[in-house]
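Shown next, in structure tokens, is the structure this report addresses.
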Amino acid sequence: MSLEPVSLASALASFTEQWSPRIVTAVNDYDVRIAKVEGEHVWHVHDHTDEFFLVLDGELHIALREPDGERTVVLPKGSVFTVPRGTEHKPYAPAPAAILLLEPSGTLTVGDRHDEVPAHVDATTGHALT
């Protein structure tokens, strides 16, 4: 963890990969990750942790499978949303977007259970920011 400020704009400019988060800092036992996203992620669930999303640029849609059925939340720039643990979800960005995620260190981007992971989705616990 750096003891210097991190510019999110500079950090986002340092990579091009979609759905491949970079760890910008840590807070206690949580990673603060940023990612560029476009298109569909994968249906997945985190059994033991919530997942926090902040949209830095663009718009993010998150499809949710809940006990009462399926719904989609739409997050414009500047919006936050937390997917509760145990909720199956699939993020989707209709156009290029940038997001910030807050998750326990070591959490896989595809959760504990997931559909087949497409080639454009990086199944990772996050990459170091270079």
Side-chain angles (χ1 to χ4, degrees):
M1 179 172 65
S2 172
L3 294 179
E4 297 297 324
V6 175
S7 161
L8 294 180
S10 295
L12 284 163
S14 72
F15 65 98
T16 59
E17 296 84 6
Q18 300 285 329
W19 300 111
S20 184
R22 301 304 192 264
I23 300 168
V24 293
T25 191
V27 179
N28 298 316
D29 297 329
Y30 283 76
D31 288 338
V32 178
R33 304 173 184 176
I34 56 169
K36 293 180 177 183
V37 297
E38 184 177 13
E40 295 187 357
H41 193 265
V42 62
W43 280 106
H44 67 285
V45 62
H46 300 277
D47 291 326
H48 306 289
T49 186
D50 301 333
E51 187 171 21
F52 172 87
F53 293 85
L54 164 63
V55 179
L56 300 171
D57 194 32
E59 182 178 274
L60 183 70
H61 299 204
I62 304 175
L64 303 163
R65 289 182 176 154
E66 299 172 310
D68 292 339
E70 199 170 297
R71 72 180 175 115
T72 299
V73 295
V74 177
L75 306 172
K77 179 179 178 178
S79 296
V80 299
F81 185 77
T82 300
V83 175
R85 71 190 70 201
T87 301
E88 193 173 9
H89 60 287
K90 179 174 74 169
Y92 168 77
I99 61 174
L100 182 142
L101 304 148
L102 182 64
E103 299 178 295
S105 298
T107 300
L108 275 172
T109 57
V110 294
D112 300 302
R113 295 177 281 122
H114 53 80
D115 285 351
E116 184 175 333
V117 180
H120 70 277
V121 172
D122 186 7
T124 180
T125 57
H127 299 282
L129 190 60
T130 55

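What you see is a predicted model, and the numbers here were worked out from it, not measured in a lab.
To the nearest 0.5 Å, the span separating CG on Asp122 from NE2 on His127 amounts to 3.5 Å. Distance check: Leu60 CG to Leu56 CG gives 10.5 Å after rounding to the nearest 0.5 Å. Note that CH2 of Trp19 and NZ of Lys36 are 14.0 Å apart. Values are rounded to the nearest 0.5 Å. Between atom CD1 of residue Ile99 and atom CD1 of residue Ile62 there is a gap of 7.5 Å, rounded to the nearest 0.5 Å.
The two residues Ala35 and Pro21 make their nearest non-hydrogen contact at CB-CA, 4.0 Å. The minimum heavy-atom distance between Ala97 and Gly58, with the atom names listed, is CB-CA, 4.1 Å. Between Gly106 and Thr125, the closest heavy-atom pair is O-CG2, 3.2 Å. Contact detail for Ala11 and Ser14: the closest heavy-atom pair is O-OG, 2.6 Å. Listed here is the closest heavy atom pair of Val117 and Val110: CG2-CG1, 3.9 Å. Annotation for Val80 and Leu75: closest pair O-CD2, 4.0 Å, computed over non-hydrogen atoms.
Using a 4.5 Å heavy-atom threshold, the side chains of Phe52 and Leu100 count as touching. In this structure, Thr107 and Asp31 have side chains that are not in contact, with every pair of non-hydrogen atoms separated by 4.5 Å or more. Contact check for Val37 versus Pro91: no side-chain heavy atoms found under the 4.5 Å cut-off. In this structure the side chain of Pro118 reaches within 4.5 angstrom of the side chain of Val42, judged on heavy atoms. Side-chain contact between Thr49 and Glu103 is absent, with no heavy-atom pair separated by less than 4.5 Å. Using a 4.5 Å heavy-atom cutoff, the side chains of Leu101 and Phe53 are in contact. By the 4.5 Å heavy-atom criterion applied to side chains, Arg33 and Thr109 are counted as neighbours.
When the side chains of ILVMFWY residues are joined at heavy-atom separations under 4.5 Å, either directly or via intervening members, Val27 and Ile23 end up in two distinct hydrophobic clusters. One hydrophobic cluster, built from ILVMFWY side chains closer than 4.5 Å, holds both Leu129 and Tyr30. When the side chains of ILVMFWY residues are joined at heavy-atom separations under 4.5 Å, either directly or via intervening members, Trp43 and Val73 end up in two distinct hydrophobic clusters. Linking Ile, Leu, Val, Met, Phe, Trp and Tyr whenever their side-chain heavy atoms come within less than 4.5 Å leaves Phe81 and Val74 in two separate clusters. If you chain together hydrophobic residues whose side chains sit under 4.5 Å apart, Leu102 and Leu54 fall into the same group.
A search for side-chain hydrogen bond (donor to acceptor under 3.5 Å, both in side chains) contacts involving Asp29 returns nothing, not counting sequence neighbours. With sequence neighbours excluded, the residues forming a side-chain hydrogen bond (donor to acceptor under 3.5 Å, both in side chains) with Lys90 are Glu40, listed by chain and number. Remark: Gln18 pairs with no residue by the side-chain hydrogen bond (donor to acceptor under 3.5 Å, both in side chains) rule, at least two apart or across chains. Remark: Ser7 engages Ala9, Ser10 in a side chain to side chain contact (heavy atoms under 4.5 Å, CB included) (not counting sequence neighbours). Glu17 pairs by the side-chain hydrogen bond (donor to acceptor under 3.5 Å, both in side chains) definition with Arg22, not counting sequence neighbours.
Under the side-chain hydrogen bond (donor to acceptor under 3.5 Å, both in side chains) criterion, the residue pairs touching residues 51-66 are His46-Glu51, Glu51-His89, Glu59-His61, Arg65-Glu70, Arg65-Glu88, Glu66-Arg71, with sequence neighbours excluded.
For the pair Asp47 (side chain) and Asp112 (backbone), a donor-acceptor distance under 3.5 Å is absent. No donor-acceptor pair closer than 3.5 Å links the side chain of Thr25 to the backbone N or O of Val32.
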